[in-house]
There are 2 protein chains.
Amino acid sequence: MTSGTGETLRTRKQRQTREAIHHAALRRVLDEGIDNVTVAEISAEANVSTRTFFNYFPTKEDAVLGLPEEIADDDAIEAFIDRECSSGDLVTDVSHLVRSVFAVTPNGETFERIREAMTRHPQLRRRQLQRVTAIEQRLSRTVAGHLRTDHRFSDGDVDVDDAARVIVMVCSSAMRLAIQNATRNDAEAGSAETAEHAFDQAVELLRKVIRKLQ
Amino acid sequence: MTSGTGETLRTRKQRQTREAIHHAALRRVLDEGIDNVTVAEISAEANVSTRTFFNYFPTKEDAVLGLPEEIADDDAIEAFIDRECSSGDLVTDVSHLVRSVFAVTPNGETFERIREAMTRHPQLRRRQLQRVTAIEQRLSRTVAGHLRTDHRFSDGDVDVDDAARVIVMVCSSAMRLAIQNATRNDAEAGSAETAEHAFDQAVELLRKVIRKLQ
DNA sequence: TTACGCGTGTGCAAGCGTGCAGTCATGCAA
DNA sequence: TTGCATGACTGCACGCTTGCACACGCGTAA
């Protein structure tokens, strides 16, 4: 009965509803501006009640951004860090970790439309930046676990939990900087490529400035 | 007619109203928990309409925290940086700058009660942390202006505006860390002194970790 | 096929937050 | 003292967001 990979009817309906709400929200916000569209209107266009709207997305902004079902859980983070954190450079590793949580790139066209909406409406960018800080605590726990195996932090000079929080904070700063750069009004017609590179550039910049501060 | 320093009747009444709302909010939230108190109840206790409540504070949380009338404006920041940013160490200077925006310590007892409320209700701490990021942009502009006179950044190696944003982000991370440390549930009965030192400790920690990351 | 359990959709009521417009008090100048 | 301009307080209407309770349909085991 399922068309895809063991996808049950219930699950499929759910995904369709989520996408219907997301697309309706994105379309109307791009057409009329976020402040001229109500949740009721978006819900009507997606054929659900407003109550159902909020079952799928916690805020109107999130519906426009089309958040993935759930931010990667601890296990996913754990798996990722095991796979990718081998460069030996903490800033690089943690930066990639922070970035991975948001690397849910939908198809190109939709991505561009979301970026366009974020550029036009600061509230959307702010919301996206908040998502970064929202996961800092969870990331800190994971990073702390891995710092315990790092020889540079085994001398007891600094508390490992504190160090992890600092590192995550600094790296997520780079992530926020990248988001800001990718959604500046004066940005050249960015394209996904620019958005892809914005993060790497932010990390590189972070590294340069740290060096100067020494 | 005015009791204090050229304070007109209008101004005095305004301050009294603000304090009445703040104290009512803080008292009831500490007594009953933030989710068991409505804006209507607080407003009633302060003898104003709910509409007036929101004329003074943008959110219920802000009323509990008792935000100062306005975050220091550009001129105030400018004056401060001229006065204090002379240590020759950018991390120190900018950190003090970030900190100064929040150095509106009310009298000790009220301060302790606010800290208690923040410790008990994460929403309050989150709100306080948001205030830090909210002023990052403004601080970045000021810092960028001063970086142009810094020999380390006159070589054109990195864009001054970008560098300023990175530095402010990193230093405000320290500020956020300090706020978190000062309002942890497992903190020893902190006292204002701990809160005072939390920030310096955070900056020192930041410096150590940066050194290890090199 | 039937019957049950559970997840999902919905309406309703309440609280939060804001723009608008009307009323009233304050501050100021004649 | 009087009169006016300005700004503060308020009510109202609306939109956002959430908890609760109920109804309905999907999934499943017999």
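Here is the naming used below: chain letters follow the sequence lines, and residue numbers restart at 1 for every chain.
- Dashed line: the shortest gap from a side-chain N or O of Thr52(B) to OP1 or OP2 of dC9(D) is not under 4.0 Å.
- Phe53(A) has its CZ atom 13 Å from the P atom of dT10(C), to the nearest Å.
- With dA8(D), dG9(C), dT10(D) as the choices, the nucleotide that has an atom nearest any side-chain atom of Asn55(A) turns out to be dG9(C).
- Whole-Å rounding puts the Gln123(B) CD to dG17(C) C1' distance at 16 Å.
- A salt bridge links Glu112(A) and Arg115(A); the closest N-O separation between the charged side-chain nitrogens and carboxylate oxygens is under 4.0 Å.
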Exercise. Starting at the 5' end of nucleotides 24-29 of chain C, put B wherever the base has a protein heavy atom under 4.0 Å, S where only the sugar-phosphate does, and a dash everywhere else.
Key: -BBS--

Practice problem: Please report the C-alpha distance between Arg113(B) and Met118(B) in whole Å, then the side-chain angles of each, then the deciding distance to 0.1 Å, and finally whether the side chain to side chain contact (heavy atoms under 4.5 Å, CB included) criterion is met. | Solution: CA-CA 9 Å; Arg113(B) 282 156 55 83; Met118(B) 279 177 64; over 6 Å; no

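- The distance between atom CD of Glu61(B) and atom C1' of dG17(C), rounded to the nearest whole Å, is 11 Å.
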Quiz prompt | Verdict with supporting geometry, Asn55(A) and Thr52(A), side-chain hydrogen bond (donor to acceptor under 3.5 Å, both in side chains) | solution = CA-CA 5 Å; Asn55(A) 282 343; Thr52(A) 298; 4.5 Å; no

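- Atom CD of Gln16(B) is separated from atom C1' of dA8(D) by 15 Å (rounded to the nearest Å).
- Under the 4.0 Å criterion applied to side-chain N and carboxylate O atoms, Arg126(B) and Glu61(B) are not assigned as salt-bridge partners.
- Look at Arg165(B) and Asp162(B) and you find a salt bridge, because one of the NZ, NE, NH1 or NH2 atoms lies within 4.0 Å of a carboxylate O, short of that distance.
- One distance of note links CG of Leu177(A) with CE of Met175(A); it measures 10.5 Å at 0.5 Å rounding.
- Note: CD (Gln14(B)) to P (dG7(D)) measures 11 Å, nearest angstrom.
- Arg148(B) has a carboxylate O that lies under 4.0 Å from a charged side-chain N of Asp161(B), or vice versa, which qualifies the two as a salt bridge.
- Using a cut-off of 4.0 Å between Lys/Arg side-chain N and Asp/Glu carboxylate O, Arg176(A) and Glu136(A) are scored as salt-bridged.
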Quiz prompt | Derivation and outcome, side-chain hydrogen bond (donor to acceptor under 3.5 Å, both in side chains), residues Thr11(B) and Thr8(B) | solution = CA-CA 5 Å; Thr11(B) 318; Thr8(B) 174; 4.7 Å; no

Self-check item: Heavy-atom protein contacts under 4.0 Å, nucleotides 18-23 of chain C, coded B base, S sugar-phosphate only, - none
Solution: BBB---

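- Arg12(A) has its CZ atom 15 Å from the C1' atom of dG25(D), to the nearest Å.
- Between the OH atom of Tyr56(A) and the P atom of dT17(D) there is a distance of 18 Å, given to the nearest Å.
- Between the P atom of dG17(C) and the NZ atom of Lys60(B) lies a distance of 7 Å, rounded to the nearest Å.
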